[in-house]
Amino acid sequence: MRLQLSMALLSFATLLSACTTIERAAIPKAELRDPVWADHTPGSALTVDHSAWQQFLVSYHQVDGKGVARVAYGAVTLDDRAALTRYIADLSGVDLQTLDRDEQLALWINLYNAKTVDLVLGGYPVDSIRSIDGGLLGTGPWNRPVLRVLGRDLSLNDIEHAIVRPIWQDARIHYAFNCAAIGCPNLAATPYTGATVDNMLSQNARAYVNDPRGFRFDGDRLIASKIYAWFVEDFGGTESGVLDHAVAFARPDLAAQLRATGRINAYAYDWGLNDASSPGS
């Protein structure tokens, strides 16, 4: 009986590993396909107004008892949805080339997150963002062009993989983009700005690494977020690189556990919608 149970668990673990590998293969590589996105103005004093996004977050951003940031999608009024749409249009119309690097990064993160919320609102109610434009395979809305910036049509994947990842080459970026899933790093309660983006990225990294969604132990087994499998190349390229990254942001007791284990046994991710009206919120 024990042998049968062990074999069943091994088969299940193998299946989960295969699924993670397939998911990783579907993620676009970090590649700058249009050099226009690299243009910027070093030392520029120009800033972008994110007050509309701040107002939306004040009204609808909540944190539940487990520390998961949620959005009260069902409570968003027509006026506030219209204001969000105008904010997204305003960001899309900014002359990015006149901004410095930090201001550009803040804009891209806010634009990505605001558009993600907008897409969820357009398909609400849903149990997961993967159901929006995802068809039977549940691939989600990430590949569909949903924005027009500098005369170019962009998808959310374009922003993340063809602009931000190749230009900034900073693993902490993965703690800023929010895909409206419970398993994702939290949607920030305040907008990113050029002045705050670096500190916020580090704060986000510490928060996620030390949250069970990032790393947790089940007995002696270490379970990590699938983010570290999907984007392993951004976290050092190896499992040991992922652990080194985690140790750098982990609290002392977790850091000691991570050093002692030396390996990741499994990966997990909760694709449930980060809806404030969901059970457990």
Side-chain angles (χ1 to χ4, degrees), residues 23 26-27 50-93 107-149 153-161 174-192 204 208 211 213 225-227 230 268-281:
E23 289 168 348
I27 295 173
H50 299 291
S51 58
W53 183 224
Q54 175 68 76
Q55 185 56 53
F56 184 93
L57 292 169
V58 167
S59 299
Y60 302 109
H61 182 284
Q62 303 174 14
V63 178
D64 68 18
K66 295 182 178 179
V68 178
R70 296 176 179 267
V71 178
Y73 297 106
V76 177
T77 66
L78 292 176
D79 286 346
D80 287 344
R81 175 77 190 282
L84 179 64
T85 300
R86 288 193 299 272
Y87 168 70
I88 292 169
D90 289 344
L91 284 197
S92 301
L107 183 149
W108 284 124
I109 296 171
N110 292 329
L111 180 58
Y112 183 103
N113 290 342
K115 187 59 188 180
T116 297
V117 169
D118 182 60
L119 287 170
V120 172
L121 290 171
Y124 191 81
V126 290
D127 293 329
S128 170
I129 189 174
R130 293 194 298 181
S131 301
I132 299 174
D133 298 334
L136 294 176
L137 297 177
T139 54
W142 294 284
N143 284 320
R144 177 167 63 89
V146 291
L147 295 162
R148 189 164 180 81
V149 181
D153 292 327
L154 295 178
S155 67
L156 294 179
N157 270 346
D158 289 330
I159 292 176
E160 183 174 4
H161 308 298
H174 294 292
Y175 303 115
F177 287 125
N178 184 268
C179 62
I182 293 171
C184 190
N186 278 348
L187 176 67
T190 59
Y192 294 82
N204 294 348
Y208 194 67
D211 187 282
R213 289 171 293 168
S225 168
K226 285 187 178 182
I227 288 174
W230 295 332
Y269 196 83
D270 186 344
W271 274 109
L273 187 69
N274 62 340
D275 187 357
S277 63
S278 298
S281 62

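Leu273 and Val126 get closest at one heavy-atom pair: CD2-O, 3.3 Å. Contact record, Ile227 with Pro185: CD1-CD, 3.4 Å, taken as the closest heavy-atom pair. For Gln54 against Ala189, the heavy-atom pair with the smallest separation is NE2-O, 3.8 Å. Here the closest non-hydrogen pair linking Cys184 and Cys179 is SG-N, 3.4 Å. Here the closest heavy-atom approach between residue Leu187 and residue His61 is recorded as O-NE2, 2.7 Å.
Between the side chain of Arg70 and the backbone N or O of Val63 there is no donor-acceptor pair closer than 3.5 Å. At distances below 3.5 Å, at least one donor-acceptor pair connects side-chain atoms of Thr77 with backbone N or O atoms of Asp80.
Other residues, nucleotides and ligands contribute more than 12 heavy atoms inside 6.0 Å of the CG atom of Asp153.
For the 3.5 Å distance criterion, the side chains of Thr116 and Asn113 fail to qualify, holding no donor opposite an acceptor. Side-chain contact annotation: Asn157 with Asn143, donor-acceptor N/O pair under 3.5 Å present.
With rounding to the nearest 0.5 angstrom, the NE2 atom of His50 is 11.5 Å from the OH atom of Tyr192. Taking CG from Leu107 and OH from Tyr112, the interatomic distance works out to 15.0 Å, rounded to the nearest 0.5 Å. The CD1 atom of Ile27 sits 10.0 Å away from atom CH2 of Trp142, with the distance rounded to the nearest 0.5 Å.
Ion pairing between Arg213 and Asp211 holds under the 4.0 Å rule for side-chain N and carboxylate O. Under 4.0 Å is where a charged nitrogen must lie from a carboxylate oxygen, and between Arg81 and Asp118 at least one such pair does.
Between Gln55 and Tyr87, the closest side-chain pair of non-hydrogen atoms is not below 4.5 Å. Residues Tyr208 and Asn186 are not in side-chain contact: their nearest non-hydrogen atoms beyond the backbone lie 4.5 Å or more apart. Annotation: side chain of Trp271 is in contact with side chain of Ile129 (closest heavy-atom distance under 4.5 Å). By the 4.5 Å heavy-atom criterion applied to side chains, Leu147 and Lys115 are counted as neighbours. Side-chain contact between Ser92 and Val149 is present, with at least one heavy-atom pair separated by less than 4.5 Å. Inter-residue side-chain proximity for Tyr124 and Asp275 is flagged as met; some heavy-atom pair is nearer than 4.5 Å. Between Asn274 and Tyr73, some side-chain heavy-atom pair lies under the 4.5 Å cut-off.
Using cut-offs of 30° and 60° for the angle between ring planes, the Trp53 and Phe56 rings count as parallel.
With ring centers used as reference points, Tyr269 lies under 6.0 Å from Trp230.
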TODO: Given side chain to side chain contact (heavy atoms under 4.5 Å, CB included), test Val146 with Leu119 step by step and report yes or no.
DONE: CA-CA 9 Å; Val146 291; Leu119 287 170; 4.1 Å; yes

